[in-house]
Amino acid sequence: MVKPIDTRAKHALGLGTRAAHAAVARPAGVAQPLVQPLYQSTVFRFNSVAQVDEVYQGEESGHVYYRMGTPNSTALEAAVAELEGAESGVTAASGMGTISALLLALAKAGDHLVADRHAYGGTYGLLTGDLPRLGIEATLVDVSDLAAVRAALRPNTRALLVETLSNPTLRVADVPSLVAVAHERDIPVLVDNSFTSPVLIRPIEHGADVSWHSLAKYLGGHSSGMGGIAVGRLDLIEAARQKVVHLGASLGPFDAWMVAQGLPTLTLRVDRHSANALAVAGFLAEHRGVSRVLYPGLPSHRDHNLATRLFGGRYGGMIAFSVKGGRSGAEGFLRSLELIAFAPSLADVRTMVSYPVATSHRGLPPATLQAMDIDAGLIRLSVGIEDVDDIIADLDRALAAAPAGRGSSAAAPAAAEQSQ
Ligand SMILES: *Cc1c(COP(=O)(O)O)cnc(C)c1O
């Protein structure tokens, strides 16, 4: 225990000194706070060199300097590792900070990575832009084709990257089969679990080496804190932690604290997101202003059976659908929403929509968009926890206002998505 300076011993201490040392954190006393306090301190104070040695050597628990971790980030790491059934966890300033640290820990110049060609835009940019400059090459494949994944693996492949649900078209990754293919060659599998959360799938239980998240998505759930976390094999997590510390990508205590406020309601939220999304997907599939709906919970989705097997009967809150009328249809729809926010993120308690061709996939050539199955009418819908009738009413109103849907609300069913 650090001995506090006794600011009441008035003898030699001036007012300036007393002010500087006032309000020092003290132990909570016999009754502990119910909510973890926010430790907004960049540094921790030691009594002796021996005490510093003990903390550095792991003989005593403690923190040193915030870039190396704080009580708030450590608590979050332990909590998410436990929820995912993982040995260890490391946080970073964002999801991208996390995957950057993981990949730089695993690969060096001359090494190779394999990832899904539908990878999240930030990950895609890292793999195709930043890492090649460092001599780390990536092959992008369709991970639903196990033979293609196997063929892409090389002796110098250091990781296979997959996403539980792809963005924005919501393909489901067969995590157990992908793990089996990669582990034949002792290649670690890193699973982006941001779209599903440990409520739907715990990749570590399927043999994955690392599960990672953007904390701004379901784990935080309220769009108020950012961050990233990776949990999994101790050696990989510790190697990533060293990169986070060296590259200065650490998670600040306030964001760690904000995100932690989301965890107690995680299962409640994901249950409600899933129930609402299933109802909304059913509504959209019947709407004549909509040309297709992609939701793993619909029997028409090509990965429905896989999703049922992996996600335990819930399918999450993410839907993609195409508004008839292409870009002008989508623009009219987005302009006419009242309750639902047009905001390019996801997993919030409030329902929100994104428009991939103008946000996450902006500026990609038409051929690339087509290969990714992204058309000009495609909307990504993150279904919130509101009363589902209100969500559906807002969608209905906005679809009726879109040029192709005008005056045609739910009059005749559109073909539910079949081919994707
Ligand atoms: C948001 C997101 C990321 C990136 O996370 P940031 O916290 O924005 O850096 C990575 N993967 C998926 C699937 C995401 O949705």
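Only heavy atoms go into these numbers, but all of them, side chains included; no hydrogens, no water, no symmetry mates. These numbers were taken from a predicted model, which means no experiment stands behind them. All ligand and atom numbering here is 1-based and tracks the order in the structure.
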Which residue supplies the protein heavy atom nearest to [atom], what is that atom called, and how far is it?
| atom | answer |
| --- | --- |
| atom 4 (C) of ligand 1 | Tyr120 CE2, 3.4 Å |
| atom 14 (C) of ligand 1 | Lys217 NZ, 3.0 Å |
| atom 9 (O) of ligand 1 | Met96 N, 2.8 Å |
| atom 12 (C) of ligand 1 | Asp192 OD2, 3.3 Å |

For ligand 1, which atoms, with element, lie under 4.0 Å from some heavy atom of [X]?
| X | result |
| --- | --- |
| Gly227 | 7 (O) |
| Gly95 | 5 (O), 6 (P), 7 (O), 9 (O) |
| Phe195 | 13 (C), 15 (O) |
| Ser94 | 7 (O), 9 (O) |

Aromatic ring proximity Tyr218/His273, centre distance under 6.0 Å: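 When the ring centroids of Tyr218 and His273 are compared, they turn out to be within the sub-6.0 Å range.
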Within the 6.0 Å centroid threshold, strictly below: Phe283 and Phe321: no
Under-4.0 Å heavy-atom contact with ligand 1, by part of Ala216 that carries it: neither
Nitrogen or oxygen atoms of Ser214 and ligand 1 under 3.5 Å apart: yes
Quick one: do [X] and [Y] make a salt bridge, cutoff under 4.0 Å?
| X | Y | result |
| --- | --- | --- |
| Asp373 | Arg292 | yes |
| Arg150 | Glu184 | yes |
| Glu87 | Arg233 | no |
| Glu137 | Arg154 | yes |

Qualifying residue for side chain to side chain contact (heavy atoms under 4.5 Å, CB included) with Val181, from Val149, Val189, Asp174: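 It is Val149, the one option of Val149, Val189, Asp174 that forms the side chain to side chain contact (heavy atoms under 4.5 Å, CB included) with Val181.
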